[in-house]
Amino acid sequence: MGLKSSWEVVGGPVDPDSDERLFFTEHEWNTVEAVSARIIPTDHDPGAKEARVVVFIDRYLSGIDYIFAAADGSGFLRLTGKFADAWRSRQIDMQRTYRQGLRDLDASCQEHFDARFVDLDEEQQDRALEIFSGAPKPGAVNLGTREAVTTFLQGTFDQGLEFFPAICLHTRQGFYCDPVYGGNKDQMGWKTIGFPGPKSLKDTMDGTYDTHPYFVQDYDWNELIPHLAQSGWVEPESPTGV
């Protein structure tokens with residue numbers, strides 16, 4: 001396969017406003033949009049629905065054409081050979097997980113509410129997801145809140161995940177991904193958390209976007225790690241005196 005820098009770039013950035021469905025049926029699309037909207041709901045900030053998370057998930061599940069964005073954000077890398085075969089097999093498994101999971105979710109809703117998930121109000125949808133997942137609805141997360149870690153946004157593969165953990169992970173990914181993938185429309189997810197992200201991936205390659213101003217410039221290790229001060233550790237002076 002060689003370095004990714006040598007791979008062919010095809011297509012272009014995903015249009016977040018597109019209603020074209022590449023994988024989902026219309027009902028599946030509407031259900032995924034409704035579920036993601038309860039995972040990251042709309043309040044005083046936009047949620048998953050406004051950020052077009054459903055577009056991200058649909059494109060991701062559609063095959064292997066939207067796996068890796070080109071470094072400059074101009075399109076996507078074409079996967080070939082055994083690498084493509086491995087990803088295609090993995091995507092087929094996740095497609096089956098979603099198709100069956102959405103059927104199971106509607107079946108659960110029919111049993112408990114005599115209606116499909118999309119036909120429930122928001123309170124009922126929250127309760128339906130509690131029943132389906134077997135876990136209570138998470139409480140509000142504030143600065144200083146500590147919770148058990150389940151899945152991380154970065155560095156976690158969805159391979160082998162069941163439907164509900166998978167759609168939770170994909171919703172977060174779609175909300176905070178680079179907009180080239182179709183989610184995070186107008187950088188809504190980034191703006192919600194105050195992240196001044198790049199205008200495009202290209203800006204991360206040519207030096208236009210620089211994170212240096214957001215790093216702490218002056219610090220004292222004894223303040224950052226209090227137990228160092230208690231141990232009597234003294235920060236060594238750098239060779240340059242800086």
Side-chain angles (χ1 to χ4, degrees), residues 14-62 66 94-95 97-142 147 150-153 156 158 161-195:
V14 177
D15 177 8
D17 292 316
S18 175
D19 289 320
E20 180 184 11
R21 302 184 303 276
L22 301 187
F23 171 69
F24 292 128
T25 65
E26 181 177 5
H27 176 65
E28 289 172 339
W29 175 288
N30 293 337
T31 304
V32 168
E33 184 175 57
V35 172
S36 67
R38 300 316 305 150
I39 295 171
I40 302 182
T42 304
D43 46 28
H44 56 280
D45 289 311
K49 183 175 182 178
E50 291 78 13
R52 301 296 285 165
V53 164
V54 66
V55 177
F56 164 82
I57 299 178
D58 177 77
R59 298 309 186 262
Y60 172 67
L61 291 175
S62 67
Y66 300 95
M94 188 52 63
Q95 288 172 350
T97 294
Y98 261 78
R99 286 251 147 88
Q100 186 61 52
L102 291 168
R103 286 194 292 267
D104 291 344
L105 175 60
D106 268 345
S108 176
C109 291
Q110 290 285 0
E111 177 184 354
H112 293 92
F113 300 95
D114 196 28
R116 302 178 303 176
F117 186 84
V118 294
D119 298 321
L120 304 178
D121 61 35
E122 292 181 351
E123 184 176 346
Q124 290 174 321
Q125 287 179 342
D126 287 349
R127 179 57 186 149
L129 291 179
E130 287 183 318
I131 294 171
F132 184 74
S133 68
K137 177 181 176 179
V141 177
N142 301 305
E147 294 184 353
T150 53
T151 57
F152 290 95
L153 177 61
T156 295
D158 56 15
L161 288 182
E162 295 181 354
F163 168 67
F164 189 70
I167 196 172
C168 287
L169 175 63
H170 295 155
T171 296
R172 294 195 295 271
Q173 290 175 330
F175 193 69
Y176 296 114
C177 69
D178 189 280
V180 67
Y181 289 95
N184 192 14
K185 177 184 175 181
D186 297 331
Q187 301 184 351
M188 290 179 185
W190 293 349
K191 292 174 182 176
T192 296
I193 61 174
F195 173 57

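Here, residue 1 is the first one in the sequence, and each next residue gets the next number.
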Considering all heavy atoms, the nearest [X]-[Y] contact:
| X | Y | value |
| --- | --- | --- |
| Phe132 | Ser108 | CD1-CB, 4.2 Å |
| Tyr60 | Asp158 | OH-OD2, 2.6 Å |
| Asn184 | Gly189 | OD1-N, 2.7 Å |
| Val55 | Pro16 | CG2-O, 3.5 Å |
| Ala51 | Phe175 | CB-CD1, 3.6 Å |
| Ser36 | Ala48 | O-CB, 3.3 Å |

Quick check for you: to the nearest 0.5 Å, what is the distance between [X] atom [atom1] and [Y] atom [atom2]?
| X | Y | atom1 | atom2 | answer |
| --- | --- | --- | --- | --- |
| Leu102 | Glu28 | CG | CD | 5.5 Å |
| His44 | Thr192 | NE2 | OG1 | 8.0 Å |
| Gln187 | Cys177 | CD | SG | 10.5 Å |
| Ile167 | Ile39 | CD1 | CD1 | 5.0 Å |
| Ile40 | Tyr176 | CD1 | OH | 5.0 Å |
| Glu123 | Lys137 | CD | NZ | 8.5 Å |

Please check: side-chain N/O of [X] versus main-chain N/O of [Y], any donor-acceptor pairing under 3.5 Å?
| X | Y | result |
| --- | --- | --- |
| Asp58 | Phe24 | yes |
| Arg52 | Ser18 | yes |
| Gln125 | Val35 | no |

When you compare the side chain of [Y] with that of [X], does any pair of heavy atoms fall below 4.5 Å?
| X | Y | result |
| --- | --- | --- |
| Asp178 | Trp190 | yes |
| Gln100 | Glu162 | no |
| Phe163 | Asp104 | no |
| Arg99 | Phe23 | yes |
| Phe117 | Val32 | no |
| Val14 | Phe56 | no |
| Leu61 | Met94 | yes |

- With Arg116, which of Asp106, Thr31, Leu105, Asn30 fulfils side-chain contact (heavy atoms from CB on, under 4.5 Å)? Asp106

- Message: Please list all pairs meeting salt bridge (charged side-chain N to carboxylate O under 4.0 Å, His left out) that have one or both residues in residues 180-190, counting only residues at least two apart or in different chains.
- Response: Asp17-Lys185

- Which residue pairs pass the salt bridge (charged side-chain N to carboxylate O under 4.0 Å, His left out) test when at least one of the two sits in residues 36-50, sequence neighbours left out? Arg38-Glu122, Arg38-Asp126

- Task: Would you sort out whether Arg127 and Gln124 count as a side-chain hydrogen bond (donor to acceptor under 3.5 Å, both in side chains), showing the intermediate values?
- Result: CA-CA 5 Å; Arg127 179 57 186 149; Gln124 290 174 321; over 6 Å; no

- Using the side-chain contact (heavy atoms from CB on, under 4.5 Å) rule, take Phe113 and Asp119 through it: C-alpha gap first, then chi angles, then the decisive distance, then the call. CA-CA 10 Å; Phe113 300 95; Asp119 298 321; over 6 Å; no

- Message: Over 60° means perpendicular and under 30° means parallel, so tell me whether Tyr98 and His170 are parallel, tilted or perpendicular.
- Response: parallel

